[in-house]
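Worksheet: one structure, shown below.
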Amino acid sequence: MITLTFPDGAQREYPDAVSGRAVAESIAKSLAKKAVAMAIDGEVRDLSDEIRADARIEFVTREDPRALELIRHDCAHVLAEAVQTLYPGTQVTIGPVIDNGFYYDFARDEPFTPEDFAAIEAKMREIIKADRPFTKEVWSRDRAKEVFAGKGEAFKVELVEAIPADQDLKIYYQGDWFDLCRGPHMPSTGRVGDAFKLMKVAGAYWRGDANNPMLTRIYGTAWASKEDLEHYLHQLEEAEKRDHRRLGREMDLFHFQEEGPGVVFWHAKGWSLFQSLVAYMRRRLEGDYDEVNAPQILDKSLWETSGHWGWYRENMFAAQSAGDEAEDKRWFALKPMNCPGHVQIFKHGLKSYRDLPLRLAEFGVVHRYEPSGAMHGLMRVRGFTQDDAHVFCTEEQLADECLKINDLILSTYADFGFEEIVVKLSTRPEKRVGSDASWDHAEAVMARVLEDIERRAGGRVKTAINPGEGAFYGPKFEYVLRDAIGRDWQCGTTQVDFNLPERFGAFYVDADGTKKMPVMVHRAICGSMERFLGILIEHYAGHFPLWLAPQQVVVCTITSEADDYAREVAAAAKRAGLRVVADTRNEKITYKVREHSHAKIPVILVVGKREAAERTVNVRRLGSQAQTSQGLEEALAALVAESVAPDVARGHAMPAEWQPSEGVQLDGQHDHAMR
RNA sequence: GCCGGCUUAGCUCAGCUGGUAGAGCAACCGCCUUGUAAGCGGUAGGUCGUCGGUUCGAGUCCGACAGCCGGCACCA
């Protein structure tokens, strides 16, 4: 006999090897009917599985959040059957559950198109309606290989071969159709329900490797109810409305054109945003960093020394004199990174241990030849500006420097309303430079710092490890922030580098007069300013806080009788430091309000004959229908107060929660900027 | 880079199976002096992404290239 414990704490005894379904039936017929799976000691399993030992048991109904994964997974199987029924000769490969849905990869000579969706979905509904039971068999490796090979399923044979020998090889049937699958599944196809939709087709490499053949992937979404599906589709529409490419056009921020794939034409308003962001970052660097500027193009030999020419040549732009008769036909590379330039600045003149830590910052424009398919609005471009810095320090200073950068990054994100942050430590990749000993050392230091970061954040940040994701010259921290609609973006990075200083022969003179190699820390907060602005546009949905908004205020007249007053108001606002224009066009106020609302102007000041006489303004804020009448001076004073950047408002200090905690020394004993 | 799709006026889009391009908004001109998300009328605007092919004839069919979109791969 075995003892099963139910969620309410009740315990019951059952014979050995009792199936979950039998247990459910022993409690209530209705429960057996409602249950789609069970959780044994927290692990979701098939209802048909036999329980052989004492355990906690819980039945999972279709409404249970854990059922969503089953619905999606089953739906993927139904999709695969539908496709193989409609298009004989199509091979099935894998079909996992992903965020919000699932996909299935197929091998077929002719790729699918969205036009095929209607027919496939109809066939899927048929299969679901037939409500065929999912049944499981365990096969031997040889039998599975033989059966799949016999069906011409070469990819499945490969999958079977890849399953570790100690694992059971499970086959799930749904009627006659079957698939190799880890499970678990619901009792029958009918449980999938009708809240699913095929979303898109795409190419995808077999096993994610670009050297392998390309398969056709069909993406689908599936939910427990129609309402959930509708809600999800609505969310997608809302996300589309805040697409930075769309808002960039609508708000007249920037554009791209054919002659410059992946390079941005910033319009006046977009550039205003860009400059506000740069100004903010400069203020945050004040006192700690020296801002520098390294050349845009440098002889390729320098990139050979740094290692970039060897690793990344395919992704670099090179330039040469355009004249046929030019005496100097050397190749110069457009800088893809700022670090080699900063090392040259460090190396210029002898550096003493007293100079360290030396923090060189640059808003450096870099160019990288990104693969054509990788480009995406501002998010992935070929020319971009990094808020880059390199800290040259001693081994002993390394941990403190990483923590200091951590504080700067987290407090910066907080100023833009990003509160959910994950810090990931990426460790040595396969393709790398430097000895294993130096990697061991760097990773050990970083791991300690990561613990510190977690401890100091008091639960405000999560940490994780990304094995094998480090840069070729050293391990790195990656800062991932979550935006207003829950999407994650990797922006900041702190990378420890023992290699570049060595390659360039950088050194400082230590207290004992000997030459020592500095440790170099690469660090970026926004990463790419272009991309960070893209993220901000989407995060704020174009509705920028006043301190960032390129056009803060529009003064709108109701009739031409208020034109003079409107110009007076605009002039006063401008004198107060606000970015303002007067709209005295001969249009109805409804027209002007609509137009400026579409343009996402945060503040509309409406003035008519009455306001002119009373010297007031009618304030209408973006996103609200409400209007408030205020005296001119009072209204302007409030707007000026609101348009102060958050760091300026707190007197350039670190926010209180990011003040250095006890025991952590954040700055050296000296201030290098004073020397 | 790979797979698929798309490219018509400044923007959003229509244009059936080939017969030589159309709407709304925007722009410009006029009327309207207007009270919080589109007042009315008129005018102008396109070598239909580029190049090549098929055809008596191509926005429409075929091919190449480019750019963009959705994925995949990549992301120092």
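A note on names: the letters A, B, ... follow the listed sequences, proteins ahead of strands, and every chain is numbered from 1. The analysis underlying the following values was restricted to heavy atoms, covering all of them including side chains, and did not include hydrogens, waters or symmetry mates.
Between A:Y369 and B:rC74 there is no side-chain polar atom (N or O) within less than 4.0 angstrom of OP1 or OP2. OP1 and OP2 of B:rG35 both lie 4.0 Å or more from every side-chain N or O belonging to A:K592. The side chain of A:R620 contributes an N or O atom lying less than 4.0 Å from OP1 or OP2 of B:rA37.
Scanning all heavy atoms of the two residues, the minimum distance from A:T221 to A:N100 falls at OG1-O, 2.5 Å. Across all non-hydrogen atoms, the minimal contact from A:T427 to A:P467 is OG1-CA, 3.1 Å.
Under 3.5 Å, the side chain of A:R380 and the base of B:rC75 form at least one donor-acceptor pair of N or O atoms. A donor-acceptor contact under 3.5 angstrom links the side-chain atoms of A:E611 to the base of B:rG35. For A:Y205 against B:rG71, no side-chain N or O and base N or O form a donor-acceptor pair under 3.5 Å.
With respect to the salt-bridge test (charged N to carboxylate O, under 4.0 angstrom), the residues A:E250 and A:R246 qualify. Ion pairing of A:R245 with A:D243 is present here, as a side-chain N (NZ or NE/NH1/NH2) and a carboxylate O approach within less than 4.0 Å. Ion pair A:R380/A:E370 flagged as a salt bridge, since at least one NZ, NE, NH1 or NH2 atom sits closer than 4.0 Å to an Asp/Glu carboxylate oxygen.
Of the candidates B:rG71, B:rG35, B:rU33, B:rU33 carries the atom nearest the A:T559 side chain, counting heavy atoms from C-beta on. In the set B:rG70, B:rA37, B:rC74, B:rG70 carries the atom at the smallest distance from any side-chain atom of A:K200. Residue A:I589 places its side chain closer to B:rU36 than to any other of B:rA76, B:rA38, B:rU36. If you check B:rG71, B:rA76, B:rG35 against the side chain of A:N315, the one that comes closest is B:rA76. For A:T590, counting side-chain heavy atoms from C-beta on, the closest listed nucleotide (B:rU36, B:rG35, B:rA76) is B:rU36.
Within residues 233-256 of chain A, the residues that have a heavy atom under 4.0 Å from RNA chain B are, in order of number, A:R245, A:R249. Taking a 4.0 Å limit (strictly below) on heavy-atom distances, residues 624-631 of chain A reaches RNA chain B at A:Q625, A:Q627.
With pairs defined as Watson-Crick or G-U wobble and both atom distances under 3.5 Å, the stems of at least three pairs that touch RNA chain B come out as B:1-7 with B:66-72, B:10-13 with B:22-25, B:27-31 with B:39-43, B:49-53 with B:61-65.
Following rounding to the nearest Å, A:R382 (CZ) and B:rG67 (C1') show an atom-to-atom distance of 11 Å. B:rG39 atom C1' lies 5 Å from atom NZ of A:K588, rounded to whole Å. In this entry the distance linking CD of A:Q257 with P of B:rU7 reads 20 Å, nearest Å. The interatomic distance linking A:K600 (NZ) with B:rA37 (P) rounds to 16 Å, in whole Å.
Between A:F254 and A:H267, the distance separating the two ring centers is not shorter than 6.0 angstrom.
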Item to check | Nucleic acid footprint by protein, nucleotides 43-51 of chain B - heavy-atom cut-off 4.0 Å, B for base, S for sugar-phosphate alone | outcome: ---------
Checklist outcome for this item: Given protein heavy atoms under 4.0 Å, the one-letter contact record of nucleotides 24-31 of chain B, with B base, S sugar-phosphate only and - none, is simply --S-----
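Residues that satisfy the ring-ring contact (aromatic ring centres under 6.0 Å, His included) test with A:H543, not counting sequence neighbours, are absent from this structure.
More than 12 heavy-atom neighbours from other residues, nucleotides or ligands sit within 6.0 angstrom of NZ on A:K347.
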Item to check | Residues A:S528, A:Q386; criterion side chain to side chain donor-acceptor pair (under 3.5 Å); working and verdict | outcome: CA-CA 5 Å; A:S528 149; A:Q386 286 183 320; over 6 Å; no
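In this structure, A:F392 and A:F346 have parallel ring planes: the angle between them is below the 30° cut-off, well short of the 60° mark.
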